[in-house]
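First the proteins, then the strands, lettered A, B, ... as listed; each starts at 1.
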Protein chains: 2
Amino acid sequence: MEIDGKSWKILQAIQADGRISLTELAAKVALSVPAASERLKRLEEAGVVWGYRALVSAEAVGYDVMALVGMTTAQPDKARLIAQLQSMPEVLECLHVTGQDSFILRVVTRNIRHLEQFVGSINHFGETRTSIVMSAPIALRPLAPPGGE
Amino acid sequence: MEIDGKSWKILQAIQADGRISLTELAAKVALSVPAASERLKRLEEAGVVWGYRALVSAEAVGYDVMALVGMTTAQPDKARLIAQLQSMPEVLECLHVTGQDSFILRVVTRNIRHLEQFVGSINHFGETRTSIVMSAPIALRPLAPPGGE
DNA sequence: ATTGAAATACGTGAGCA
DNA sequence: TGCTCACGTATTTCAAT
């Protein structure tokens with residue numbers, strides 16, 4: 001799918017405010033409401049927009065610790081590890097990556113003790129390297145159009 | 001702020017579908033529309049909900065490579081590094097962490113060449129360790145209520 | 001927290017460039 | 001083919017209970 005300038009404006013607007021009304025959206029991109037609606041629908045159907053989420057503050061709901069946990073896991077254990085991670089609500093994200101780590105997890109816990117307990121419950125799957133997040137100088141930035149080819 | 005069962009239901013519903021209407025939301029949590037609306041507004045004002053985002057597929061818009069880049073950076077360079085990263089649209093996220101890495105970046109690039117070029121443009125700030133994301137067994141899971149204290 | 005009314009926004013259709 | 005305009009319907013917001 002090709003995305004022209006107007007569609008990029010739509011993408012940027014709905015990334016900045018996922019609950020924006022079609023009326024506002026149309027005004028922002030200088031289009032009529034049905035035209036904007038039609039373009040947005042196409043972007044959704046093409047899978048360019050694959051969902052809408054509210055962003056909830058982990059701290060505000062009682063998770064005081066966020067960490068990234070790298071794991072080195074032997075091939076035969078991977079499927080079981082993923083199955084277990086899926087059942088653990090502390091795991092917000094799990095990426096299968098190249099390099100020293102097999103997986104990198106994004107985890108939230110109530111406190112350091114809870115983090116220790118979490119790591120303890122998975123480290124029989126392989127070595128773990130835990131990095132505690134102190135701050136987020138850049139947090140979850142929206143996607144911008146890729147520059148010149 | 002204390003979050004009771006009904007408010008948790010609201011949080012889960014708007015994390016699952018950020019564009020859900022108040023009418024649907026109210027039905028899901030067994031509340032009248034104004035009651036649900038009022039609770040949601042409170043959650044927003046308290047910062048529990050800090051935004052709404054459309055989720056855009058990086059691949060679909062021309063970013064074929066996602067990677068995590070760990071950096072070891074000397075203290076005096078950190079501010080300049082962050083300033084530079086802020087101006088680079090490839091950087092979706094930058095976390096300041098404990099451990100071997102000073103920062104961990106989430107980066108998208110059009111292709112491997114572009115990734116190489118990106119890393120080249122920042123590696124005078126310190127050593128980098130790049131992990132290319134092959135897949136996401138768990139992608140961006142919503143926050144669930146922390147279990148028993 | 002609920003009800004009901006007014007204002008606004010949404011989605012479909014027909015017509016035009 | 002894609003945009004605009006106009007209509008009926010659904011949703012949101014506000015006042016009062």
No-hydrogen, no-angle side-chain donor-acceptor test under 3.5 Å, A/Y52 and B/Q15: no

If you measure from the Lys or Arg side-chain nitrogens to the Asp or Glu carboxylate oxygens, is any gap between A/D4 and A/K9 under 4.0 Å? no

Between CD1 on residue B/I104 and OG1 on residue B/T128, distance to nearest 0.5 Å: 12.5 Å

Using atom CG of B/L31 as one end and atom C1' of C/dA1 as the other, report the distance to the nearest whole Å. 7 Å

Taking only the side-chain nitrogens and oxygens of A/R39, find out if one of them lies under 4.0 Å from OP1 or OP2 of D/dC3. yes

Generate the contact string for nucleotides 3-17 of chain C. Rules: B means base contact, S means sugar-phosphate contact only, - means no protein heavy atom under 4.0 Å. B-----SSSB-----

Write down the distance between CD (A/E38) and C1' (D/dC5), rounded to a whole number of angstrom. 16 Å

Using 4.0 Å as the upper bound for N to carboxylate O, is an ion pair formed by B/R129 and B/D101? yes

Are A/E24 and A/R19 close enough for a salt bridge, meaning some N to O gap below 4.0 Å? no

